[in-house]
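Here's the structure, in C-alpha cells; my notes come after.
The structure presented is a predicted model; accordingly, all values stated were derived computationally and were not measured. Just so you know, residue 1 is the first one in the sequence shown, and it goes up from there. Note that ligands are numbered from 1 as they come in the structure, with each ligand's atoms numbered from 1 the same way.
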Amino acid sequence: MSSINTVVSFIKQQYKTDDFIPLHVPHFAGNEKKYLLETIDSTFVSSVGAYVNQFEVMMQAITDTQKAVAVVNGTAAIQVALRLVGVESGDEVLTQALTFVATANAIAYQNATPVFLDVDIDTMGLSPKAVVSFLEEFGDLREDACYNKKTGKKIGACLPMHTFGFPVHLEELMTICNIWKIPVVEDAAESLGSEYKGKPTGSFGKVGSFSFNGNKIVTSGGGGAIVSNDLKLGEKAKYLTTTAKIPHPYEYVHDEMGYNFRMPNLNAALACAQLEQLDSFLVNKRQLAKEYESFFATKGIKFRTETPETKANYWLMCVELEDKFERDLFLETTNANNVMTRPIWQLMYRLPMYANCQKDLQINAEFLEERIVNIPSSVR
Ligand SMILES: *Cc1c(COP(=O)(O)O)cnc(C)c1O
C-alpha cells in the first residue's frame, strides 16, 4: 500500500502536477494550427488535398514502405488490409486474444473468423511458437493455401498485433507463415516508430496497418494508414478505399464494391504536423521509460521493457504486478489518487461475439491479463 503511494507521488513528479493525470493525451507543439488553418483557407478540407498526399509520402518514409494510403481509421485499415491479401468470406484469420477489440472486429467485417492463439510473455504479442503448434496440429498445406483440418476452412491471413508498441518476434513469425503460405498483415496500430532489428514495424507483413486515433502516439483526430512494399497492393488499397472508381474524365465507373474510407484533408493536416514531431516524441517517451524503469526497480515492481532485438515506441507503458490481488490494489490506489491506470484488455474469447472461436490454451495471455496495468505515458 505505502509502496503504491510512492508510485503515485513519483508519477505526479514526472508530470509536475497534482491534478488528474490521464493515461495518454495528444501533444500539440508543432505546426498543427498552421496546417489546419491552411486547409480551411484553401477550402480543401475534405476528401482530396495536398495534406493527404503529404501524409502518405511521410508515412512511406517513416515505415520504409513503397506505398502508404491514408484512411478514416485504424480499424478500416485492418479490414481493407485483410481483403488485400485475399481474406474472403468464410476464411479464418490467426490472431491473438490479447488485443484491442478492433483487431477481431476487422476480421469479422470481412466475414472471416478469428482463431485465437497465445502470446509470448516477453512481447505480449502473437507467439510464433503458438502458431507453429497450432499449424502442426491443424494445418493442412495445399497447393493454393493452408487450411484448418478441424473446420475445413482456409486460413486467409495471420494478424499479429504489436501490443503497446512492443514488436512481436517478427522474424520467426514471418518464417513460419511463409512456410505455411499464410499472408501476414500487421496490426501496427500501436507501434508507429517501433523497430524490429532496425526495420519499422508494419513493413514486415504483406500489408501493415496503423491508427491515428486521439489516444495513439501521434493523432489525426481520427485516421489510419495502410502500408505495403507491394506497389500493386498499395495502389489497390487506394482504389478500394476511394469507392473503387476507374479513372474517367466524367463518367462514374466502379467495377468492384469499394469503400468511402479516405482520410479527410483536415485530418491529414493534423497528422502531418504530428508526424513531424514523431522523432522527438519517441525520444521523450524513451526518457520517461528510463525513469520509470529505474524507479520501479527500487519498488520491486516489474516495469515492462523492449526485447533485445527491438526498439519499442513506448506508446503505452505498463507494469506487471505479482498477481490479480496486487493488480487490483494498484488500480484502486492509483485511480483513487488522480493517477489514471487501466488493466490490459479482456481476452477476446470472453466477449460474447467471439466466445465460440477456436483457441489454444492461452496460458501466457491469461497470465498477462491478470497482471498488466498501463500507467500514464503521455509526452511531457
Ligand atoms: C487503436 C487500435 C486499433 C484501431 O484504431 P482506430 O483508429 O481506433 O480504428 C486497432 N488495433 C489496435 C490494437 C489498436 O490499439
Side-chain angles (χ1 to χ4, degrees), residues 22-26 55 59 63 68-83 87 93-110 112 114 116-117 119 123-126 157-168 170 184-194 201-202 204-205 207-227 237 241 259-264 266-268 270-271 274-275 312-318 342-348 351 353-354 365 368-369 372 374 377-378:
L23 215 53
H24 202 282
V25 287
F55 169 77
M59 279 301 290
T63 61
V69 176
V71 296
V72 277
N73 58 54
T75 315
I78 306 169
Q79 182 190 342
V80 176
L82 292 171
R83 178 162 161 189
V87 173
V93 175
L94 309 182
T95 192
Q96 60 209 61
L98 188 71
T99 186
F100 177 56
V101 70
T103 314
N105 285 344
I107 295 169
Y109 297 160
Q110 210 32 38
F116 297 118
L117 302 181
V119 293
T123 67
M124 300 185 282
L126 189 62
C158 177
L159 180 62
M161 196 281 280
H162 306 295
T163 302
F164 306 140
F166 296 109
V168 305
L170 273 162
V184 172
V185 170
E186 291 176 75
D187 179 349
E190 307 186 349
S191 68
L192 183 70
S194 298
T201 56
F204 286 80
V207 185
S209 52
F210 289 91
S211 167
F212 296 88
N213 190 40
N215 64 340
K216 298 303 199 284
I217 186 164
V218 298
T219 185
S220 59
I226 300 167
V227 301
T241 55
Y259 315 90
N260 175 16
F261 279 171
R262 55 186 123 207
M263 178 191 281
L266 203 57
N267 298 85
L270 191 63
Q274 286 266 286
L275 285 180
N313 66 357
Y314 286 101
W315 167 56
L316 271 194
M317 303 182 210
C318 56
R342 283 285 180 273
I344 199 167
W345 315 280
Q346 284 187 27
L347 300 177
M348 287 302 109
L351 311 182
M353 59 285 194
Y354 302 118
L368 295 168
E369 182 190 32
I372 295 292
N374 289 120
S377 313
S378 309

If the condition is ring-ring contact (aromatic ring centres under 6.0 Å, His included), which residues does Tyr259 pass it with, not counting sequence neighbours?
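In terms of ring-ring contact (aromatic ring centres under 6.0 Å, His included), with neighbours along the sequence ignored, Tyr259 is linked to Phe261.
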For Ala365, what residues pass the side chain to side chain contact (heavy atoms under 4.5 Å, CB included) criterion, not counting sequence neighbours?
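For Ala365, the residues satisfying side chain to side chain contact (heavy atoms under 4.5 Å, CB included) (neighbours in sequence not counted) are Leu98, Asp118, Val119, Leu347, Gln362.
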Name all residues meeting the side chain to side chain contact (heavy atoms under 4.5 Å, CB included) criterion together with Ala81; count only those two or more places apart in sequence or in a different chain, and write none if there are none.
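Testing Ala81 for side chain to side chain contact (heavy atoms under 4.5 Å, CB included), a comparison that skips the adjacent residues, returns Val185, Val207.
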With the criterion set at N/O pairs under 3.5 Å, what does the list of contacts between the protein and ligand 1 look like, atom names and distances included?
{"from": "ligand 1", "atom 1": "5 (O)", "to": "Ser211", "atom 2": "OG", "distance (Å)": "3.1"}
{"from": "ligand 1", "atom 1": "7 (O)", "to": "Gly74", "atom 2": "N", "distance (Å)": "2.7"}
{"from": "ligand 1", "atom 1": "7 (O)", "to": "Ser211", "atom 2": "OG", "distance (Å)": "2.7"}
{"from": "ligand 1", "atom 1": "9 (O)", "to": "Gly74", "atom 2": "N", "distance (Å)": "3.3"}
{"from": "ligand 1", "atom 1": "9 (O)", "to": "Thr75", "atom 2": "N", "distance (Å)": "2.9"}
{"from": "ligand 1", "atom 1": "9 (O)", "to": "Thr75", "atom 2": "OG1", "distance (Å)": "2.5"}
{"from": "ligand 1", "atom 1": "11 (N)", "to": "Asp187", "atom 2": "OD1", "distance (Å)": "3.4"}
{"from": "ligand 1", "atom 1": "11 (N)", "to": "Asp187", "atom 2": "OD2", "distance (Å)": "2.9"}
{"from": "ligand 1", "atom 1": "15 (O)", "to": "Glu190", "atom 2": "OE2", "distance (Å)": "2.5"}
{"from": "ligand 1", "atom 1": "15 (O)", "to": "Lys216", "atom 2": "NZ", "distance (Å)": "3.3"}

What do you reckon, are the aromatic ring centroids of Phe164 and Tyr314 less than 6.0 Å apart?
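No - the distance between ring centres of Phe164 and Tyr314 does not fall below the 6.0 Å cut-off.
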Any side-chain heavy atom of Leu368 sitting closer than 4.5 Å to one from Trp345?
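They are not in side-chain contact.
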How about His24 and Trp315: do any of their side-chain heavy atoms sit closer than 4.5 Å?
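Yes; the side chains approach each other to less than 4.5 Å.
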